[in-house]
Amino acid sequence: MPELPEVEVLRRDLDKETSGKKIKSVEVFDERSIKRNANVKAFVNALEGKKITSVSRTGKWLDLALDKTDHLVIHLGMSGQLLKATPKSEDPDHLKVRLSFTQGGALLFIDPRIFGEMAVLSGEEFAATEDIQDLGLDALDQQISWAEFGRMLMSRRTKLKSLLMDQKFIAGLGNIYSDEVLFNAGLMHDRVSNSLSAQEVRRLYRAVIEVLQEAVKYRGSTLSDGGYVDLFGKPGDYRQYHKVYDREGEACRRCRRPVVKAKISGRSTYYCEACQV
DNA sequence: CGCGTCGCCTGTGGGC
DNA sequence: TGCCCACAGGCGACGC
């Protein structure tokens, strides 16, 4: 569910809400959410008594820096949520981990499908974790020239959608935003990366930046199932600005033809047959 | 190297 | 009402 915009919105709020806070206690309700620490006890011990110093993000990974050099890394997978606990509320369904702070309050990790994870990594382990270190350029934070982007495209011979979703190529785009980017660029999902004209390269790169910036501005996409909410439980507003994703049969905002939905290598793919070539 | 499929999990919604 | 199937924002392992 959460792609770069949703994770970035969470990062900003987490930085405000948790930086400087000390972790008093950690409760793990489902050890399947702790995938790369030796065991739950090691995870808990590595967190209790530590202070969160800052919150950063690369692609879809959150990285909460702890005093010393440890990192609490979080990936939300398909269904993960981070919520600031409210004093009165009951524990939500699928609560996997609660971090309680000495200053009061708590951070909840909720994840029905358990594709997400939390882990504490030492500086050394963090530097050796390929899932994080081998990410491509962060699509928002590490902007490059379109000429350089063109060289990256030319070095591959891959269909555009799968390339945009390849976290080792560019980090942060998933199924929603790759479709939105391709519509904004006027390109079909199955165009091959090294076939683009210079103008198409420019359009594609500009679309990556613009779509992500707009999506962050509107605090991400919440679909009808309400799967994504921010740290305070509020949905994002970007869904209403989608050009194609989740708009099957609705009029293309540019040419009024119905938006098409297709199944491409197992993933729903939305596009306009007329506006994308 | 690129691509399609499957599996990991659980919940939900549609069709019958 | 109930059952079964398809499907869901991610991602890595396979096999061709």
Side-chain angles (χ1 to χ4, degrees), chain A residues 1-10 29-36 57-62 73-82 92-97 109-119 129-136 139 152-182 189-195 211-212 215-216 218-230 235-249 261-270:
Chain A
M1 166 223 353
E3 305 179 30
L4 187 150
E6 292 77 27
V7 179
E8 174 62 16
V9 169
L10 281 169
F29 303 101
D30 190 336
E31 55 186 77
R32 292 175 297 177
S33 293
I34 312 300
K35 299 179 181 181
R36 52 188 96 205
R57 176 194 59 76
T58 304
K60 303 172 193 174
W61 285 92
L62 285 165
V73 296
I74 305 172
H75 196 291
L76 298 173
M78 286 276 252
S79 60
Q81 296 179 337
L82 291 170
D93 286 346
H94 309 294
L95 175 62
K96 303 301 185 189
V97 179
F109 177 63
I110 296 122
D111 188 14
R113 293 180 69 183
I114 327 174
F115 291 161
E117 62 166 308
M118 293 179 120
T129 300
E130 295 180 3
D131 292 345
I132 297 172
Q133 299 304 326
D134 290 355
L135 291 171
M152 289 168 59
L153 288 170
M154 292 309 152
S155 73
R156 301 286 293 271
R157 198 165 48 256
T158 307
K159 292 177 182 177
L160 285 181
K161 178 164 176 172
S162 57
L163 189 59
L164 289 175
M165 289 180 66
D166 180 350
Q167 302 301 298
K168 294 185 176 64
F169 183 72
I170 294 184
L173 294 172
N175 205 35
I176 293 179
Y177 293 104
S178 55
D179 281 4
E180 290 298 309
V181 164
L182 287 168
H189 56 83
D190 59 354
R191 284 286 299 282
V192 176
S193 58
N194 66 355
S195 76
V211 165
L212 292 175
V216 171
Y218 290 104
R219 300 187 64 81
S221 298
T222 299
L223 303 183
S224 56
D225 65 5
Y228 165 73
V229 291
D230 69 14
D237 294 328
Y238 190 67
R239 164 65 184 83
Q240 66 186 106
Y241 301 102
H242 287 188
K243 305 276 182 53
V244 286
Y245 193 90
D246 197 28
R247 297 192 67 242
E248 182 185 17
K261 178 183 182 181
K263 199 76 158 173
I264 308 291
S265 60
R267 310 301 301 271
S268 295
T269 299
Y270 298 83

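Residue numbers begin at 1 in each chain, while the letters A, B, ... track the order of the sequences.
At whole-Å resolution of the value, CG in A:Asp225 and P in C:dG10 are 12 Å apart. Between the P atom of C:dG10 and the CG atom of A:Leu62 lies a distance of 15 Å, rounded to the nearest Å. If you measure from atom OH of A:Tyr245 to atom C1' of C:dA8, you get 7 Å, rounded to the nearest angstrom. Distance, A:Leu160 CG to B:dG2 P: 13 Å, rounded to whole Å. The CZ-P distance, from A:Phe29 to B:dT10, rounds to 17 Å in whole Å. Rounded to an integer number of Å, the gap from CG of A:Asp134 to P of C:dC11 is 14 Å. Between the P atom of C:dC7 and the CD1 atom of A:Ile176 lies a distance of 18 Å, rounded to the nearest Å. One interatomic measurement links the two molecules: CD1 of A:Ile114 to P of B:dG7, which rounds to 18 Å at whole-angstrom precision.
Within 4.0 Å (heavy atoms only), A:Gly174 reaches sugar-phosphate atoms of the nucleic acid but no base atom. At a threshold of 4.0 angstrom between heavy atoms, the contacts of A:Leu76 with the nucleic acid are absent. Nucleic acid contact for A:Lys263: sugar-phosphate only, since backbone atoms but no base atoms lie under 4.0 Å from a heavy atom of the residue. At a threshold of 4.0 angstrom between heavy atoms, the contacts of A:Pro2 include nucleobase atoms, whether or not backbone atoms are also involved.
With contacts defined as side-chain heavy-atom distances shorter than 4.5 Å, the pair A:Glu8/A:Leu212 does not qualify.
A close approach under 4.0 Å does not occur between any side-chain nitrogen or oxygen of A:Lys159 and OP1 or OP2 of B:dG2. For A:Arg32, a side-chain nitrogen or oxygen approaches OP1 or OP2 of B:dT10 to under 4.0 Å.
The aromatic ring of A:Phe115 is not stacked on the base of C:dC11, since the criterion of ring centres less than 5.5 Å apart with planes inclined by under 30° is not met.
The residues A:Asp30 and A:Lys96 are annotated as salt-bridged, a charged nitrogen and a carboxylate oxygen being separated by less than 4.0 angstrom.
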Residues A:Gln81, A:Leu76; criterion side chain to side chain contact (heavy atoms under 4.5 Å, CB included); working and verdict: CA-CA 7 Å; A:Gln81 296 179 337; A:Leu76 298 173; 6.0 Å; no
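We find the NZ-CG distance between A:Lys161 and A:Asn175 to be 3.5 Å, quoted to the nearest 0.5 Å. The CD1 atom of A:Ile176 sits 4.5 Å away from atom OG of A:Ser221, with the distance rounded to the nearest 0.5 Å. To the nearest 0.5 angstrom, A:Glu117 atom CD is 8.0 Å from A:Phe109 atom CZ. Going from atom CG of A:Asn194 over to atom CE of A:Met154 covers 6.5 Å, rounded to the nearest 0.5 Å. Between atom NZ of residue A:Lys159 and atom NE2 of residue A:His189 there is a gap of 8.5 Å, rounded to the nearest 0.5 Å.
The minimum heavy-atom distance between A:Trp61 and A:Arg36, with the atom names listed, is CH2-NH2, 3.6 Å.
Comparing the same atom, P, in C:dG2 and in B:dC9 gives a spacing of 29 Å after rounding to whole Å. Look at the P atom in both C:dC7 and B:dC6: the space between them is 13 Å, to the nearest Å.
A:Gln240 CD: more than 12 foreign heavy atoms inside a 6.0 Å radius.
Near DNA chain C, defined here as any heavy-atom distance below 4.0 Å, the residues from residues 161-169 of chain A are A:Gln167, listed numerically.
Of all nucleotides listed (C:dG10, B:dT10, C:dC7), B:dT10 comes nearest to the side chain of A:His94. Candidate nucleotides C:dA8, B:dT5, B:dT10 were compared by shortest atom distance to the side chain of A:Lys261, and C:dA8 ranks first. Here the nucleotide nearest the side chain of A:Asp131, chosen from C:dA8, B:dC3, C:dG12, is C:dG12. Considering only the side chain of A:Thr158, B:dC3 comes nearest among B:dC3, C:dC7, B:dC8. Checked against B:dC9, C:dC11, B:dG2, the side chain of A:Arg156 finds its nearest nucleotide in B:dG2.
Stem analysis of DNA chain B (at least three stacked-register Watson-Crick or G-U pairs, each with both distances under 3.5 Å) gives B:2-8 with C:10-16, B:10-16 with C:2-8.
Annotation: of the two residues near DNA chain C, A:Tyr270 and A:His75, the 5′-most nearest-nucleotide partner is A:Tyr270. Each of A:Ser155 and A:Gly266 has a nearest nucleotide on DNA chain B; the 5'-most of these lies closest to A:Ser155.
Between A:Glu6 and A:Tyr238, the side chains place no donor N or O within less than 3.5 Å of an acceptor N or O (distance only, hydrogens not considered).
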